[in-house]
Amino acid sequence: MTESYDPHAVEAKWQEEWRRSNADATPDSPEDPFYMLEMFAYPSGDIHMGHFRNYTIGDVVARYQRMMGRDVLHPFGWDAFGLPAENAAIQHDVHPAEWTYRNIETSRRTLRRMGLSYDWDREIVTCREDFYRFTQWMFLLLYRRGLAYRESSEVNWCPVDQTVLANEHVVDGACWRHPDTPVERRELEQWFFRITEYAQRLLEGLDDLEEWPESTVKQQRTWIGKSEGAEVDFELQEGEESLSVFTTRPDTLWGVTFMTLAPEHPLVERATVPERRPEVRGYVEAARAKSEIERTDASREKDGVFTGSHVIHPLTGDPVPLWVADYVLATYGTGAVMGVPAHDQRDLEFARRYDLPVRVVIQPRGEELDGETLEQAYTGDGLMVDSGPFDGTPVEEGIHRVTEFLREEEIGREKTQYRLRDWLISRQRYWGCPIPMIHCDSCGIVPVPEEELPVLLPESVRDFVPTGRSPLEDVPEFFETACPECGADAHRDPDTMDTFVDSSWYHLRYVDPHNEEEPFSRQAARTWLPVDFYIGGDEHATGHLLYFRFFTKVLHDAGWLEIDEPAVRLFHHGMVKDAEGEIMSKSKGNVVSPARLFDRDGVDVPRLAMLFFAPSADEILWEEKGLEGVRRFLHRLWALFVATMADRRVEEDREVERKALSSGAREAWRLAHRAVQRTTDSLEGDLNFNTAVAAFMEMLNALRKPGPPDEWSDEDFPVLVEAFDLSARALAPLAPHLGEELWHRLGHEESVFDAPWPVAEEEAMAQESVEIPIQVDGKLRSRVYLAPDAGREEMERAALSDERIREVLGDEEPERVIVVPGRLVNLVTG
RNA sequence: GCGAAAGUGGCGGAACUGGUAGACGCGCUAGACUUAGGAUCUAGUCCCGAAAGGGGUGGGGGUUCGAGUCCCCCCUUUCGCACCA
């Protein structure tokens with residue numbers, strides 16, 4: 001009776017041993033530091049399959065780097081503030097803190113069962129006072145640097161959660177948590193972080209992120225949305241007021257035939273002539289009532305309303321009618337645009353609808369456009385016409401010369417415009433980090449002195465039903481305080497911070513998590529940062545990953561960090577969905593629980609299955625029966641291993657004598673080395689472990705072919721032992737418990753993770769090449785047959801007709817000929 | 001609409017710089033061992049064909065001795081942006 005593979009026993013044994021020996025502790029004085037980071041988790045119940053996948057991939061890399069001799073920092077923590085805790089509190093009458101800590105317990109237990117190589121001594125929890133006091137410290141740092149400001153403006157409001165939202169959290173006009181409920185626009189005074197100040201540097205920094213996914217870099221680039229052009233001033237015909245517009249095409253200035261204001265533009269009311277006010281007001285009201293989705297629907301027919309007044313064209317002096325239209329965005333540029341219908345499609349549509357003139361001022365070469373009949377706005381290259389002194393100037397040159405001219409005449413200036421908006425960080429909710437600011441009637445807004453941090457979140461709050469104002473306002477012992485400057489009665493800012501503020505710096509805390517004086521020491525930061533490898537989902541491309549870069553740059557400027565970008569390499573793993581391709585969710589009832597999988601198969605089987613199912617960046621459609629193949633593989637590997645090690649022929653110092661091997665054993669030997677190579681390639685490259693696992697399966701199939709170990713010849717037998725030695729080590733990052741067990745059964749004292757990473761023998765990688773003379777009509781034409789991966793016998797069987805060879809070779813005298821048996825001939829000359 | 005990526009068996013997916021398409025796994029078929037098996041083992045499994053042979057990587061064209069891979073056109077899917085002036 002042979003011992004069968006019992007993953008539960010093996011895993012319990014090694015997890016206990018790793019804990020006892022503190023195997024995952026971070027090295028104290030690292031010589032070759034490697035910071036491996038996976039995005040931390042929001043604790044909502046237990047971990048899900050997405051976490052399982054993310055943390056598995058990260059653990060594979062961390063363990064590999066350790067075997068490569070790096071000193072690895074591999075920490076974990078919890079993104080513990082956030083709305084779901086409050087919603088749970090409302091539904092289940094449990095305090096958000098209690099709910100959160102309970103979920104952390106549950107999730108941590110599952111993660112620990114996974115045997116992940118985290119240094120749990122560095123665990124952080126963002127809702128704990130030892131963390132959030134430094135989140136407040138960060139706020140004060142930004143405030144001191146003029147990067148945190150309070151302003152009243154029109155902001156996004158989620159009617160379900162009853163709180164404001166950052167721009168990054170509005171998806172298709174709705175709050176990201178409630179895709180069916182459109183966001184509303186409200187005029188409110190809120191805290192913002194001045195990320196726009198860093199727009200240019202965030203853009204430039206992207207060029208250096210060579211190991212970030214291209215798609216993410218591209219998304220950030222469009223999100224920041226840089227446009228270069230000019231700002232042009234127009235005077236109102238009546239009164240003293242003036243009006244600026246932003247344009248990327250100052251060369252088309254002579255083609256302006258109307259001017260349009262966004263309905264929210266502050267000038268609308270004053271610029272409207274009295275007799276038209278009712279109509280304009282009606283239009284503005286209607287525009288405000290429209291949802292964000294309606295407003296921004298580009299396919300909608302454009303409409304607007306005439307104010308009755310005019311602006312003066314700054315170059316021609318002509319009056320230009322001033323309109324109000326809701327296709328103009330209040331939040332971009334100046335909230336006003338000049339209408340150049342001949343050269344802007346939107347303006348053309350508007351002009352046609354209201355019979356406004358269309359003036360062609362750019363003529364394409366070899367064509368004559370007519371404003372009367374133009375159907376499509378012309379936006380291409382050409383020469384300026386009807387443009388006063390600039391007639392005949394090509395577009396590109398015209399843009400520069402007109403801008404220069406505007407500057408000289410003091411009616412305009414060069415202007416760079418970004419699509420990026422400042423980051424709104426206030427939330428009118430309880431479960432978040434309090435904003436460390438105090439409102440005093442006489443001193444205004446006053447920061448809480450640093451030595452008074454943390455501003456504690458009061459635990460006494462019991463009512464979390466959203467009302468549109470922070471519950472902290474109703475907690476007198478929190479809300480009411482004294483002004484730090486004058487000592488008079490004052491009140492604290494009752495809002496809490498966006499949880500994305502927490503995640504903008506959590507990775508910095510890991511380098512020095514127990515520091516009570518500072519968020520982290522500069523020394524520890526210098527040692528470990530930047531993050532060498534960061535893994536998480538791509539849904540954070542224009543949110544977290546942008547904020548996280550922003551914070552890095554701010555802390556760099558403040559002298560806290562030497563680095564300017566937070567992470568060298570970024571990888572996005574694919575989603576895990578159900579077999580039908582649906583996202584797993586409680587409401588759909590299709591959630592697969594990792595913990596349940598571990599109950600049945602232990603950890604290594606589902607872990608290896610996760611790695612085997614698809615390339616790491618691709619989506620996985622999880623199917624229970626897919627586990628079967630991996631389960632069989634591990635059980636067979638174990639069975640063969642146990643039978644081999646029980647065999648007395650295992651001796652010390654038995655080297656594989658390659659020349660003496662039978663072809664079957666040689667093939668197995670070759671495949672073992674290829675599996676090692678394939679795993680190394682995956683780890684160094686694309687993280688596509690599916691092919692690495694497949695290579696090990698091929699190796700095992702080859703090892704099983706000659707029969708059980710006692711049927712192996714003495715010459716072939718060492719191949720088995722060598723294959724197990726290689727497997728134990730190269731498989732260890734993928735299936736850590738099993739790898740460790742095999743390694744120890746091979747007679748090693750130290751952990752497999754302290755063993756060196758195996759190097760595949762080149763001989764096993766080499767392609768077959770055999771020298772065979774090629775003769776045509778009895779005459780030697782060339783010498784070498786080469787065929788990738790083809791055996792000698794096969795090659796000798798290669799059937800090539802004389803005609804075929806003659807046809808290909810012609811009169812050439814090739815250096816060598818590449819033949820794929822029976823099929824293909826390629827001559828290589830020179 | 002713009003931009004990007006991708007289309008390969010019943011399914012997940014292999015195929016490095018163009019070189020025997022379908023590795024590996026699931027599933028399926030047959031057999032062995034079994035009182036039994038949703039266990040295990042063995043063999044088979046792209047399509048047509050008894051075989052020889054022929055066809056085959058979304059469709060159509062092209063380059064090449066040779067194309068899943070390179071080029072052009074079209075179709076489909078997914079993702080990102082979506083009135084940003």
Side-chain angles (χ1 to χ4, degrees), chain A residues 4 171-173 213-216 218-223 225-227 229 245-249 252 260 262 295-302 325-329 331-340 343-347 349-350 377 379 417-421 538-539 541-542 579 581 609 612-615 617-633 635-636 639 675 677-678 681 685 688 690-701 704 765 767 786-790 794-795 798 804-805 807-810 817-827:
Chain A
S4 66
V171 179
D172 292 337
E214 227 176 290
S215 64
T216 303
K218 202 163 280 174
Q219 274 184 60
Q220 290 208 354
R221 195 164 276 137
T222 29
W223 189 261
K226 181 179 182 176
S227 295
V245 297
F246 171 72
T247 177
T248 53
R249 293 294 302 277
T252 63
T260 325
R295 274 289 290 275
T296 55
D297 179 9
S299 60
R300 203 180 97 229
E301 199 180 353
K302 290 166 187 41
D326 67 5
Y327 76 88
V328 179
L329 302 174
T331 48
Y332 183 78
T334 61
V337 297
M338 59 187 212
V340 186
H343 306 292
D344 183 288
Q345 188 58 28
R346 295 156 299 186
D347 296 344
E349 287 167 29
F350 193 78
T379 56
Q417 187 68 45
Y418 297 92
R419 209 192 76 120
L420 184 71
R421 312 287 155 76
D538 65 359
E539 67 274 18
T542 53
F612 177 62
F613 278 174
D618 290 9
E619 188 172 271
I620 281 180
L621 304 186
W622 184 266
E623 277 193 272
E624 217 73 6
K625 65 184 180 187
L627 282 173
E628 198 56 48
V630 171
R631 191 184 294 135
R632 281 185 192 136
F633 165 63
H635 282 265
R636 283 170 182 166
Q677 187 60 49
R678 187 53 244 184
D681 290 348
N688 288 347
N690 54 333
T691 51
V693 176
F696 277 107
M697 289 173 168
E698 284 182 74
M699 175 204 74
L700 180 64
N701 290 344
R704 278 156 51 87
M765 298 307 112
Q767 294 186 339
L786 285 172
D789 284 346
E794 263 180 297
M795 266 183 278
R804 188 80 188 93
I805 294 174
E807 182 195 323
V808 174
L809 296 191
V817 178
I818 296 174
V819 175
V820 174
R823 276 290 192 92
L824 309 153
V825 181
N826 183 31
L827 61 150

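Please read these numbers as outputs of a predicted model, since none were measured by experiment. Proteins get letters first, then strands, A, B, ... in listed order; numbering begins at 1 in each.
- The base-pairing partner of B:U29, taking Watson-Crick or G-U wobble contacts with both distances under 3.5 Å, is B:A43.
- In this structure, A:R636 reaches the sugar-phosphate backbone alone: every heavy-atom distance under 4.0 Å involves primed, P, OP1 or OP2 atoms, never a base.
- In this structure, A:V245 reaches neither bases nor backbone, as no heavy-atom distance under 4.0 Å exists between it and the strands shown.
- Counting only heavy atoms from C-beta on, A:L329 has its side chain closest to B:A85 among B:C81, B:A23, B:A85.
- Using Watson-Crick or G-U wobble geometry with both donor-acceptor distances under 3.5 Å, B:A5 finds its partner in B:U77.
- Look at the P atom in both B:C24 and B:A43: the space between them is 12 Å, to the nearest Å.
- With a cut-off of 3.5 Å on both Watson-Crick or G-U wobble distances, the partner of B:G18 is given as none.
- For A:K218, counting side-chain heavy atoms from C-beta on, the closest listed nucleotide (B:G3, B:A14, B:A85) is B:G3.
- At distances below 3.5 Å, at least one donor-acceptor pair connects side-chain atoms of A:Q345 with backbone N or O atoms of A:A377.
- Classified by interplanar angle (parallel below 30°, tilted 30° to 60°, perpendicular above 60°), the ring pair A:Y327/A:F350 is tilted.
- Residue contacts for A:F612: at a heavy-atom cut-off of 4.0 Å it reaches a base atom on one of the strands shown.
- Remark: B:A82 base-pairs with no nucleotide in the shown strands. Criterion, Watson-Crick or G-U wobble with two distances under 3.5 Å.
- Distance check: A:M338 CE to A:D344 CG gives 9.0 Å after rounding to the nearest 0.5 Å.
- Atom CD in A:Q345 sits roughly 13 Å away from atom C1' in B:A85 (whole-Å rounding).
- Between B:A85 and A:S227, a contact under 4.0 Å exists linking OP1 or OP2 to a side-chain N or O.
- Within 6.0 Å of atom CG in A:D172, 12 or fewer heavy atoms from other residues, nucleotides or ligands are found, so the atom counts as exposed in its surroundings.
- For the P atoms, the distance linking B:G44 with B:G25 amounts to 13 Å, nearest Å.
- Scanning both residues, A:S227 and A:T248, for their nearest heavy atoms gives CB-CG2, 4.0 Å.
- Nearest nucleotide to the side chain of A:W223, out of B:A85, B:C81, B:A14: B:C81.
- Side chain of A:N688 to backbone of A:P615: no donor-acceptor contact under 3.5 angstrom is found.
- No side-chain heavy atom of A:V340 sits under 4.5 Å from any side-chain heavy atom of A:R249.
- The CZ atom of A:R221 sits 17 Å away from the C1' atom of B:C2 (whole-angstrom rounding).
- B:C11 sits 32 Å from B:G61 when the C1' atoms are compared, rounded to a whole Å.
- At the heavy-atom level, A:Y327 lies under 4.0 Å from base atoms of the strands shown.
- To the nearest whole angstrom, the two C1' atoms, one in B:C46 and one in B:A36, are 36 Å apart.
- Distance from the side chain of A:K625 is smallest to B:C26 among B:C26, B:C24, B:A85.
- Comparing the same atom, P, in B:U78 and in B:C28 gives a spacing of 30 Å after rounding to whole Å.
- Using a 4.0 Å heavy-atom distance criterion, A:R704 is classed as a sugar-phosphate-only contact.
- In this entry B:U34 has no Watson-Crick or G-U wobble partner, no candidate having both defining distances under 3.5 Å.
- The gap from the P atom of B:G9 to that of B:G58 amounts to 7 Å, rounded to the nearest Å.
- Across B:A52 and B:G38, the matching P atoms stand 36 Å from one another, rounded to whole Å.
- Taking side-chain N and O atoms only, A:R678 has no distance below 4.0 Å to OP1 or OP2 of B:A14.
- Annotation: B:A4 and B:C73 have their P atoms spaced 13 Å apart (nearest Å).
- Among the atoms of the strands shown, only primed sugar atoms or phosphate atoms (P, OP1, OP2) are found under 4.0 Å from some heavy atom of A:T691.
- Under 4.0 angstrom from either OP1 or OP2 of B:C26 there lies at least one side-chain N or O belonging to A:R632.
- For the OP1/OP2 pair of B:A82 and a distance below 4.0 Å, the side-chain nitrogens and oxygens of A:R419 include at least one atom meeting the criterion.
- Using a 4.0 Å heavy-atom cutoff across all strands shown, A:D681 reaches no nucleic acid atom at all.
- A close approach under 4.0 Å does occur between a side-chain nitrogen or oxygen of A:N690 and OP1 or OP2 of B:A14.
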